[in-house]
Amino acid sequence: MGAINELLNYAQKAWGKEVKQIVESIKLREPFEILVGTVLSQNTNDKNSSIAFMRLKKLTEITPLGIIRVKEEELAKALRVAGLYRERSKRLKELARIIVERYNGDLTWIKCLPLEEARKRLLELPGVGYKTADILLAFYGGRPVLPVDTHIRRIAIRLGYASSKDGYEKIRRALENEIAPEMRIYAHLLLIRFGRNICKARKPLCDVCPITAFCKHFNARAT
DNA sequence: CTCCGGGAAA
DNA sequence: TTTCCTGGAG
């Protein structure tokens, strides 16, 4: 049993119920809504990005045409609470425009195309990088990818699955090797909670962490 | 590598 | 008052 499995075991007991509900609720959403929600969450805490999402929903329908219709200043006003709002309102309108232009507003190809082709097309969209692309592939597309965010990256490095010099793809593959395909969405959310609450960037709670025996970070400090 | 940025916690 | 949180693009 590896460190990641021990970690997930612990995280499941702590946050499993909450996380399962989130997985189910995201699966019911339209792909464009997931995309917008993910863009709003970039470099922003969950609380403020969900407030921004609700304000956006009140302002307009969250579809490519809905975003195109609303004025950029109105969009910026709704997104302000989440920060980075000038960039985001601009990029969101650009994103909506390109999705209409290139795909006639339809994102169902995320589900149908071969995985690498779908990923490639997602990455060509403005405001979509590896993490955002993988969120769509996993949550909407049902693809067996593990989206890697900053928490997951930090955990992977501390546990020794990756080095801080490694790029996104290398870290993703290293972790995917440890986690069964059908468990990856669930594991993604569990890992984030573990990272936020236990394996924090500053002052990690190593005294309550169940896997310090596996942890390079902890053992390097202890000695 | 720097910029984009608000709200909350320290 | 400062620091933290948190990805993508130029």
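The basis for the numbers below is simple: all heavy atoms, side chains too, and nothing from hydrogens, waters or symmetry mates.
- Within the structure, every side-chain polar atom (N or O) of A:Gln42 is placed at least 4.0 Å from both OP1 and OP2 of C:dT6.
- In this entry the distance linking CD1 of A:Ile192 with P of C:dT6 reads 9 Å, nearest Å.
- Between the side chain of A:Asn45 and the base of B:dG7, no donor-acceptor pair of N or O atoms lies under 3.5 Å.
- Ranking B:dG5, C:dG8, B:dG6 by closeness to the A:Lys131 side chain, first place goes to C:dG8.
- Across all strands, A:Val39 comes closer than 4.0 Å to no nucleic acid atom at all (heavy-atom distances).
- Between A:Asn43 and A:Val128, the one whose closest nucleotide on DNA chain C sits nearer the 5' end is A:Asn43.
- Rounded to whole Å, the separation between the P atoms of B:dA10 and C:dT6 comes to 14 Å.
- Between the side chains of A:Arg88 and A:Thr44, at least one donor N or O sits under 3.5 Å from an acceptor N or O.
- If you check every strand for non-hydrogen atoms under 4.0 Å, A:Ala52 touches nothing.
- Cation-pi geometry between A:Arg29 and A:Phe53 is satisfied (NZ or CZ under 6.0 Å from the ring centre, within 45° of the ring normal).
- A:Arg153 has its CZ atom 14 Å from the C1' atom of C:dG8, to the nearest Å.
- When each of A:Asn48 and A:Lys203 is assigned the nucleotide of DNA chain B bearing its nearest heavy atom, the one mapping closer to the 5' terminus is A:Asn48.
- Proximity note for A:Thr150 (side chain, C-beta onward) versus B:dA10, C:dG8, C:dT6: the nearest is C:dT6.
- Look at the P atom in both C:dA9 and B:dG7: the space between them is 25 Å, to the nearest Å.
- Going from atom CG of A:Leu136 over to atom C1' of C:dG7 covers 14 Å, rounded to whole Å.
- Side-chain atoms of A:Tyr161 and A:Asn177 form no donor-acceptor pair, as typed in the model, at a separation below 3.5 Å.
- Per the geometry, NZ belonging to A:Lys200 stands 18 Å off P belonging to C:dT3, to the nearest Å.
- Within the structure, a side-chain polar atom (N or O) of A:Thr132 is placed less than 4.0 Å from OP1 or OP2 of C:dG8.
- With no hydrogens or angles considered, no side-chain donor-acceptor pair links A:Tyr140 and A:Glu30 at under 3.5 Å.
- Protein atom CZ of A:Arg196 is 10 Å distant from nucleotide atom C1' of C:dC5, rounded to whole Å.
- A continuous path of Ile, Leu, Val, Met, Phe, Trp and Tyr side chains, each step under 4.5 Å between heavy atoms, connects A:Val145 with A:Leu113, placing both in one hydrophobic cluster.
- For A:Lys77, the NZ atom counts as loosely surrounded, since its 6.0 Å shell holds 12 or fewer non-hydrogen atoms of other residues, nucleotides or ligands.
- Put simply, A:Leu84 and A:Val70 are part of two different groups of oily side chains (I, L, V, M, F, W, Y) that touch within less than 4.5 Å, one to the next.
- Rounded to whole angstrom, the span from the CG atom of A:Asp46 across to the P atom of C:dT6 amounts to 8 Å.
- If you take CG of A:Leu122 and P of C:dG8, they are 12 Å apart, rounded to a whole angstrom.
- Contacts with DNA chain B (heavy atom under 4.0 Å) in residues 75-99 of chain A: A:Arg80, A:Val81, A:Ala82, A:Gly83, A:Leu84, A:Tyr85, A:Arg86, A:Glu87, listed by number.
- Across the protein-nucleic acid pair, A:Asn197 atom CG and B:dA9 atom P stand 14 Å apart, rounded to whole Å.
- At a threshold of 4.5 Å between non-hydrogen side-chain atoms, the residues A:Tyr10 and A:Ile198 count as touching.
- Each of A:Arg202 and A:Gly127 lies near DNA chain C, and the nucleotide nearest A:Arg202 is the one positioned closer to the 5' end.
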